[in-house]
A.B. asks: 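What follows is a structure written as structure tokens; I'll ask about it next.
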Amino acid sequence: MTTATRPAKEIKQPRPLPPPNSDFYDVYETLNAEELAILKQVRGFMESKVAPIITKYWADDAFPFELLPAFKELNIGGLGMQGYECRGGSLALLGFVMMEMARIDPSIATFFGVHDGLAMGSIYIDGSEEQKQKWLPPMARMEKIGCFGLTEPLVGSGTAGGLTTTAKREGDTWILNGQKKWIGNSTWCDVSIIWARDLADNQVKGFIVENKTTPGFSVEKIQHKIALKVVQNGLITLDNVRVPEENRLQGGNSFKDTARVLKMTRYAVAWMATGCAMGAYEAALQYAQTRLQFGKPIGSFQMVQDLLAKMIQNITASQCLLTRMAQLHVEGKLSDAHAALAKAFATAKSRETVAWARELLGGNGISSDYKVARFFADAEALYSYEGTYQMQNLIIGKAVTGLSAFV
Ligand SMILES: Cc1cc2nc3c(=O)[nH]c(=O)nc-3n(C[C@H](O)[C@H](O)[C@H](O)COP(=O)(O)OP(=O)(O)OC[C@H]3O[C@@H](n4cnc5c(N)ncnc54)[C@H](O)[C@@H]3O)c2cc1C
């Protein structure tokens with residue numbers, strides 16, 4: 001037998017390592033084929049368009065307006081809302097989409113969550129039929145972008161207890177005065193939902209303000225953030241802003257109506273927080289498989305595997321909880337306490353998970369050149385916005401004890 005015909009000596013190849021997968025219990029399989037197709041589209045957009053550029057925008061504190069045309073083409077405005085040119089779809093799909101976006105970038109998920117969940121959601125939940133017909137279609141097409149102004153410089157967790165921004169009715173016009181702090185998208189968006197206290201009955205009411213053309217409405221960009229740096233947050237000043245009665249949310253007559261919007265958005269933030277943890281975990285796992293120390297991948301060390309095991313436990317527990325929460329939502333059983341529990345649990349676990357991911361990267365974990373630092377910082381904002389951990393726990397505490405600990 002010549003060497004040419006002799007079978008080649010088998011060279012032992014190293015076993016390929018599994019690619020990072022943050023869906024350990026196959027929760028994505030709970031979606032149907034049509035929903036998975038939409039999710040795949042979102043994943044494609046996030047991975048091909050957002051991922052390559054987002055770190056630079058994050059470092060520069062800037063919003064990537066160049067992404068808006070492709071974002072519009074995704075056609076996901078009004079996801080989970082029916083009619084009014086909204087995308088529709090199930091509430092479970094909405095949750096998965098928010099998670100999928102945050103897996104690549106929590107800022108982009110937040111931008112969309114503010115526009116879609118908070119701004120459109122306020123009109124969808126608290127608007128009259130005419131208001132929905134007028135405002136939702138252009139917002140669903142993302143021709144008009146929205147923001148949601150509830151928090152104030154001096155009133156955050158205590159918004160239910162009394163806003164300082166006031167609304168005074170004069171005939172068919174309302175006059176708004178006050179300030180709103182931290183308002184995402186507000187530096188550049190078109191439509192602001194402003195919550196103010198009616199001086200006549202002391203109740204919280206919502207107003208649709210065309211902020212670019214309404215005199216007395218000004219916004220100052222909030223500088224020096226260390227989290228969600230891509231989202232442009234603003235300090236809004238309302239100086240005798242005149243809003244017609246037809247722009248008062250007709251179904252928003254007290255803070256209870258504001259809370260109906262917040263229930264929906266806390267639902268979404270719980271998914272986003274889990275996506276944030278997934279992004280950090282996947283980046284950390286990839287790093288563990290490739291970073292060598294002592295001549296071996298650090299992923300082969302027991303204590304590094306312990307970190308990874310704890311991360312995927314947190315993620316999987318959150319995903320399972322969220323999947324059940326989505327079922328409750330579809331069944332019309334989702335209570336404020338259900339949403340609060342998911343928001344509190346998922347954001348706390350996300351915060352813990354991204355910290356382990358940061359730790360796993362050693363020194364590189366604090367550099368924004370590596371993705372993990374961005375997730376690490378962004379998890380802090382998710383933990384506090386949409387109601388802090390303590391506020392969610394007060395809602396849960398009231399539900400389980402029957403006793404309110406709110407002051
Ligand atoms: C990045 C970012 C984006 C945001 N986007 C928006 C937006 O688009 N629109 C909007 O309206 N708001 C927005 N917010 C505001 C956000 O919702 C508030 O920051 C949040 O509700 C907390 O309010 P606060 O910051 O005033 O904290 P505070 O209310 O001053 O709370 C400070 C601390 O005290 C604790 N605390 C307060 N009261 C109690 C109590 N009774 N018992 C126990 N502990 C308590 C809190 O849990 C917290 O730890 C955003 C915030 C951030 C950081």
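Just so you know, ligand 1 is whichever comes first in the structure, and atom 1 is the first atom listed for that ligand.
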A.B. asks: Can you find an N or O of Gly149 that's nearer than 3.5 Å to an N or O of ligand 1?
C.D. replies: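 The answer is no, given that Gly149 and ligand 1 share no N or O pair closer than 3.5 Å.
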
A.B. asks: One residue to check: Asn233. Relative to ligand 1, which of side chain, backbone, both or neither has a non-hydrogen atom less than 4.0 Å away?
C.D. replies: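 Side chain only.
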
A.B. asks: Could you identify the single nearest non-hydrogen protein atom to atom 42 (N) of ligand 1 and state the distance to 0.1 Å?
C.D. replies: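 Closest protein heavy atom to atom 42 (N) of ligand 1: Leu394 CD1, 3.9 Å.
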
A.B. asks: I'd like to know if atom 35 (C) of ligand 1 has any protein heavy atom within a distance of less than 4.0 Å.
C.D. replies: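 Under 4.0 Å from atom 35 (C) of ligand 1, zero protein heavy atoms found.
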
A.B. asks: Return the closest protein heavy atom for atom 31 (O) of ligand 1 as residue, atom name and distance.
C.D. replies: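 The protein heavy atom lying closest is Ser157 OG, 3.6 Å.
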
A.B. asks: Whether the Glu152 and Thr165 side chains hold a donor-acceptor pair (N or O, under 3.5 Å, no angle test) is what I'd like checked.
C.D. replies: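 Side-chain D/A pair, Glu152 to Thr165: present.
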
A.B. asks: When you compare ligand 1 with Leu150, is there at least one nitrogen or oxygen pair between them that comes in under 3.5 angstrom?
C.D. replies: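 Between Leu150 and ligand 1 (N or O atoms, distance only) the closest approach is under 3.5 Å.
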
A.B. asks: Taking distance alone, with N or O pairs closer than 3.5 Å, would you say Val114 contacts ligand 1?
C.D. replies: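 Between Val114 and ligand 1, no N or O pair is found under 3.5 Å apart.
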
A.B. asks: Tell me, yes or no, whether the heavy-atom count around Phe301 atom CZ, taken from other residues, nucleotides or ligands under 6.0 Å, exceeds 12.
C.D. replies: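 Yes, enclosed.
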
A.B. asks: Please classify the Lys225 to ligand 1 contact at 4.0 Å (heavy-atom distances, strictly less than): side chain, backbone, both or neither.
C.D. replies: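 No part of Lys225 comes within reach of ligand 1.
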
A.B. asks: Indicate whether any N or O donor in one side chain lies under 3.5 Å from an N or O acceptor in the other, for Asp190 and Asn211.
C.D. replies: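 Side chains of Asp190 and Asn211: no pair found under 3.5 Å.
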
A.B. asks: Just to confirm my output: which protein heavy-atom neighbour is closest to atom 15 (C) of ligand 1, and how far is it?
C.D. replies: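 Among all protein heavy atoms, the one nearest atom 15 (C) of ligand 1 is Thr151 OG1, 3.2 Å.
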
A.B. asks: To check your reading of the model: name the closest protein heavy atom to atom 23 (O) of ligand 1, its residue, and the distance in Å.
C.D. replies: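 Its nearest protein heavy-atom neighbour is Gly156 CA, 3.4 Å.
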
A.B. asks: Within the distance-only criterion (no hydrogens, no angle test), does the side chain of Glu282 pair as donor or acceptor with the backbone N or O of Ile104 below 3.5 angstrom?
C.D. replies: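 No; judged by distance alone, with no hydrogens or angles, the pair does not exist.
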
A.B. asks: Counting only heavy atoms not in Lys72, do more than 12 sit closer than 6.0 Å to its NZ atom?
C.D. replies: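 Atom NZ in Lys72 is packed in, count exceeds 12.
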
A.B. asks: Under 4.0 Å and counting heavy atoms only, is there anything from the protein next to atom 7 (C) of ligand 1?
C.D. replies: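 Flag for atom 7 (C) of ligand 1 set to true, protein heavy atom closer than 4.0 Å.
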
A.B. asks: Provide, to 0.1 Å, the distance between atom 50 (C) of ligand 1 and the closest protein heavy atom, together with that atom's residue and name.
C.D. replies: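 I find the closest protein heavy atom is Trp182 CB, 3.4 Å.
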
A.B. asks: Show which atoms of ligand 1 fall inside a sub-4.0 Å distance from at least one heavy-atom site of Ile183.
C.D. replies: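 Going through ligand 1 atom by atom, the ones under 4.0 Å from Ile183 are 7 (C), 8 (O), 9 (N), 10 (C), 11 (O).
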
A.B. asks: Could you check whether the rings of His115 and Phe112 sit parallel, tilted or perpendicular, using 30° and 60° as the cut-offs?
C.D. replies: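 Tilted: the ring planes of His115 and Phe112 meet at 30° to 60°.
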
A.B. asks: Just by distance, do the side chain of Lys343 and the backbone of Gly387 share a donor-acceptor pair under 3.5 Å?
C.D. replies: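 Confirmed, Lys343 side chain pairs with Gly387 backbone.
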
A.B. asks: Could you check atom 43 (C) of ligand 1 against the protein and tell me its nearest heavy-atom contact, residue, atom and distance included?
C.D. replies: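 That would be Gln390 CB, 4.0 Å.
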
A.B. asks: Pairing donors with acceptors under 3.5 angstrom, does anything connect the side chains of Tyr281 and Asn314?
C.D. replies: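 The criterion, which ignores hydrogens and geometry beyond distance, is not satisfied for Asn314 and Tyr281.
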
A.B. asks: When you measure from atom 17 (O) of ligand 1 to every protein heavy atom, which one gives the shortest distance, and what is it?
C.D. replies: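 Here the closest protein heavy atom is Glu386 N, 3.4 Å.
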
A.B. asks: Return yes if a side-chain donor-acceptor contact under 3.5 Å exists between Asp378 and Trp58, otherwise no.
C.D. replies: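 Yes.
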
A.B. asks: Taking atom CD as the centre, does Glu220 end up with more than 12 heavy-atom neighbours from other residues, nucleotides or ligands that are less than 6.0 angstrom away?
C.D. replies: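 Incorrect, the count does not exceed 12.
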
A.B. asks: Side chain, backbone, both or neither: which part of Thr388 comes within less than 4.0 Å of ligand 1 when only heavy atoms are counted?
C.D. replies: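 Contact part for Thr388 vs ligand 1: side chain (C-beta onward).
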
A.B. asks: If you have a sec, work out which protein heavy atom is nearest atom 1 (C) of ligand 1 and how many Å separate them, to one decimal?
C.D. replies: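 Of the protein heavy atoms, Ala381 CB, 3.9 Å lies nearest.
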
A.B. asks: Keeping Gln289 on the side-chain end and Pro18 on the backbone end, is there a donor-acceptor pair under 3.5 Å?
C.D. replies: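 Yes; judged by distance alone, with no hydrogens or angles, the pair exists.
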
A.B. asks: Which is it for Ser186 and ligand 1 at heavy atoms under 4.0 Å: side chain, backbone, both or neither?
C.D. replies: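 None of Ser186 does.
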
A.B. asks: Heavy-atom contact check, 4.0 Å cutoff: does Ser384 meet ligand 1?
C.D. replies: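 Yes, Ser384 has heavy atoms under 4.0 Å from ligand 1.
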
A.B. asks: Does the protein put a heavy atom under 4.0 Å from atom 12 (N) of ligand 1?
C.D. replies: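 Flag for atom 12 (N) of ligand 1 set to true, protein heavy atom closer than 4.0 Å.
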
A.B. asks: Say whether, by atom type as modelled, one donor and one acceptor occur between the side chain of Arg87 and the main chain of Gly78 under 3.5 angstrom.
C.D. replies: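 Checked: no pair found.
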
A.B. asks: Under a 4.0 angstrom heavy-atom cut-off, which atoms of ligand 1 come close to Gly184?
C.D. replies: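 Selected atoms, number and element: 7 (C), 8 (O).
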
A.B. asks: Applying side chain to side chain contact (heavy atoms under 4.5 Å, CB included) between Ser107 and each of Val50, Val231, Ile54, report the one that passes.
C.D. replies: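 With Ser107 as partner, Val50, Val231, Ile54 yield a single side chain to side chain contact (heavy atoms under 4.5 Å, CB included), made by Val231.
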
A.B. asks: Could you check which of Lys229, Gln392, Met391 puts a non-hydrogen atom nearest to atom 45 (C) of ligand 1?
C.D. replies: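 The residue whose heavy atom sits nearest atom 45 (C) of ligand 1 is Met391.
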
